[in-house]
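Working notes, beginning with the structure itself.
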Amino acid sequence: MGFERSEETMGINCQDVWRDISDYIDDDLDPIQRAALDQHFAECRHCTALLEGTRNVIGLYRDQRVLAPPDGFHERLYQRLGETTKTSRRTFLAWTLTAAAAVPLGLAVFSARRLIVPAHDQQHPASGLDARQVPETVAISQDQDDKVFHVAGCSHLHGKPKFLPVGEAIREGYTPCFYCIGKARSKKNS
Amino acid sequence: MGTSIREGSYVSARRGGGLRKPPREDALEKGLASAVQVCSAQAAEGVLIERILSGHKELFMDLIRPHQRTVYATVFALLANKEDAEDVAQDASLKALARLNQFRRESSFGTWLIQIAINEARMRNRKQWRIPMLSLTDDKDDAKPYVPKDFEDWREIPSTALERVEVRDALVKALGSLAQHYREAFVLRDIHELSISETSAILRVSPGAVKSRLRRARLMLRDILAPGLGQDGGLGWASKEVRKPWE
């Protein structure tokens with residue numbers, strides 16, 4: 001129906017108006033386009049009715065009564081938020097207390113374990129040595145039968161040294177030198 | 001919101017208005033005053049958010065108080081059901097509280113809150129299948145020229161008409177009959193008066209898509225309402241068929 005009654009004014013027809021009417025309402029047209037639409041509205045009562053009707057729609061919906069919240073909405077929202085903040089405060093308190101209790105408990109368990117169970121996992125399986133305190137390669141004397149292994153350079157290593165991995169020395173029945181390895185151990189432990 | 005066009009108000013400087021222009025000087029003064037107000041409001045909002053994040057969660061109610069109506073109106077427009085709207089509005093507020101530390105302040109808190117509310121409403125719609133889902137990226141309809149169904153003269157609706165429950169219900173029903181992406185654009189732009197760029201950021205679509213959706217939403221609503229809502233605010237749907245031009 002609109003097409004049949006369309007009029008062309010200032011180079012625009014009704015279809016152009018329908019396309020741009022929303023931008024016209026939002027004042028989002030350049031001055032020339034706006035002037036053209038103004039001219040068209042002045043001469044076309046159908047498009048004017050469309051413009052007024054569209055403005056009516058916006059004005060009606062913009063009224064706060066249309067989508068107003070129901071009675072008690074704010075109170076119910078505050079209540080729910082209040083419950084949540086209380087719950088989260090309680091949860092936070094519970095977690096804080098749990099954490100506070102867990103720290104000394106954990107320390108106690110750790111200390112007890114240290115007292116009761118020797119740190120086997122850190123000791124060398126064969127010698128009882130702390131693996132971190134013994135070099136990977138140790139020295140034995142080729143000239144003596146004392147079955148003692150030393151850190152290279154130990155003053156108690158007499159004769160021609162032979163170097164071998166510590167694991168191999170232990171497997172062959174060598175024990176650590178008290179002076180070079182034992183001292184280092186006791187110094188570290190103290 | 002709440003301003004009748006017929007009462008001669010000029011839409012806020014933020015969105016460019018266009019309904020009835022005041023003199024340029026007045027507009028500039030109003031624009032400056034409004035910018036100052038916006039800056040101080042955002043600063044106060046920032047302080048409030050910091051305090052909430054430092055543990056004063058009870059202050060969250062102060063933060064959302066100015067936005068409650070907007071949040072409810074948004075979800076009510078999208079769900080067209082009062083009970084669901086209240087439920088979703090509450091959920092959105094709680095989610096905002098839980099995620100407040102993720103608020104990056106790239107937009108105002110109100111805009112961020114509306115974005116959460118829209119996502120919650122979309123999820124509710126998806127769960128309930130109440131409203132058929134339409135692809136939000138399908139803009140085929142938007143690109144087509146819209147042809148109004150009639151040109152009935154519909155010039156004046158008195159504000160008092162809105163005191164009648166059935167008129168308000170008719171408006172909600174008409175809005176609810178639009179596809180969701182048209183409703184979203186209309187609600188953000190025309191009811192909450194957000195700018196095109198704010199609307200586009202919230203809906204994550206281009207400004208052009210917002211404009212074309214808004215145009216169709218406005219014209220479709222006019223086509224639905226004009227035949228039924230008389231100039232005296234009376235309802236004429238009992239005797240007139242409501243035609244939906246997109247069907």
Side-chain angles (χ1 to χ4, degrees), chain A residues 1-6 14-29 34 44-89 92, chain B residues 1-6 11 15-19 21 57-58 60-61 64-65 68-69 72-74 76-77 82 85-86 89-90 93-94 97 145-157 159 161-163 168 171-172 175 186 190-191 193 196 211 214-215 218-219 221-222 225-226 229:
Chain A
M1 130 169 67
F3 285 108
E4 293 81 19
R5 297 188 305 195
S6 70
C14 293
Q15 292 168 65
D16 297 326
V17 173
W18 306 337
R19 188 194 60 224
D20 291 334
I21 197 166
S22 191
D23 289 338
Y24 179 88
I25 290 170
D26 288 341
D27 199 10
D28 196 18
L29 291 174
R34 188 165 185 88
C44 177
R45 68 181 182 88
H46 302 309
C47 287
T48 304
L50 191 71
L51 175 67
E52 296 299 333
T54 309
R55 283 175 166 168
N56 252 344
V57 164
I58 299 168
L60 285 169
Y61 280 101
R62 206 166 280 173
D63 191 299
Q64 291 195 356
R65 288 171 290 181
V66 176
L67 299 170
D71 290 341
F73 168 75
H74 305 291
E75 290 74 17
R76 288 189 291 276
L77 175 62
Y78 288 150
Q79 191 182 352
R80 198 165 160 201
L81 277 170
E83 284 165 8
T84 305
T85 49
K86 271 180 202 164
T87 309
S88 60
R89 212 176 295 146
F92 175 75
Chain B
M1 280 174 65
T3 311
S4 167
I5 293 165
R6 291 288 157 207
V11 183
R15 57 171 298 205
L19 297 178
K21 276 191 172 184
K57 289 193 174 178
E58 70 281 359
F60 185 71
M61 292 169 192
I64 61 161
R65 188 172 290 118
Q68 285 172 37
R69 289 185 72 94
Y72 178 83
T74 305
F76 184 29
K82 285 181 182 176
E86 177 160 354
Q90 288 184 1
S93 300
L94 290 171
L97 172 61
Y146 185 82
V147 181
K149 279 293 176 187
D150 67 56
F151 297 89
E152 194 167 327
D153 205 7
W154 187 50
R155 293 189 178 226
E156 191 72 48
I157 299 294
S159 172
L162 289 169
E163 285 166 11
R168 297 201 297 270
L171 291 171
V172 171
L175 189 57
F186 184 80
D190 278 344
I191 298 181
E193 301 183 59
I196 290 285
K211 285 185 182 184
L214 183 65
R215 179 178 64 240
R218 287 169 168 175
L219 294 176
L221 284 172
R222 184 216 159 262
L225 293 168
L229 202 56

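Every chain is numbered from 1, with letters handed out A, B, ... down the list of sequences.
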Using a 4.5 Å cut-off on heavy atoms from C-beta on, say whether the side chain of B:Y72 contacts that of A:P70. yes

Which distance, rounded to the nearest 0.5 Å, do you find between the CG of A:L77 and the CG of B:L94? 7.5 Å

Per-residue contact mode, A:I21 against chain B (heavy atom under 4.5 angstrom): side chain

Distance from A:D28 atom CG to B:I196 atom CD1, nearest 0.5 Å? 6.5 Å

What I'd like to find out is whether the side chain of A:I58 reaches to under 4.5 Å of the side chain of B:R218, using heavy atoms alone. yes

CH2 (A:W18) and CZ (B:R215) are apart, to the nearest 0.5 Å, by 13.0 Å

Measuring from A:R80:CZ to B:L97:CG, what's the distance to the nearest 0.5 Å? 11.5 Å

Less than 4.5 Å to any heavy atom of chain A: does that hold for the side chain of B:I64, its backbone, both, or neither? side chain

Please identify, among B:R168, B:Q68, B:R65, B:K82, the residue contributing the most non-hydrogen atom pairs under 4.5 Å to chain A. B:Q68

Contact summary for A:Y78 and B:M61, nearest pair of heavy atoms: O-CE, 3.4 Å

Indicate yes or no: at least one non-hydrogen side-chain atom of B:L219 is less than 4.5 angstrom from one of A:L50. yes

Please report the shortest heavy-atom distance between A:V57 and B:L225, naming the atom on each side. CG2-CD1, 4.3 Å

In Å and rounded to the nearest 0.5 Å, what is the CD to CZ distance from A:E52 to B:R222? 10.5 Å

B:F60 side chain reached by A:L81 side chain, heavy atoms, under 4.5 Å: yes

Evaluate the side chain to side chain contact (heavy atoms under 4.5 Å, CB included) criterion for residues B:L175 and A:Y61: first the C-alpha distance (whole Å), next the side-chain angles of each, then the deciding distance (0.1 Å), finally the verdict. CA-CA 9 Å; B:L175 189 57; A:Y61 280 101; 3.9 Å; yes

Test log, rule salt bridge (charged side-chain N to carboxylate O under 4.0 Å, His left out), inputs B:K211 and A:D26: CA-CA 10 Å; B:K211 285 185 182 184; A:D26 288 341; over 6 Å; no

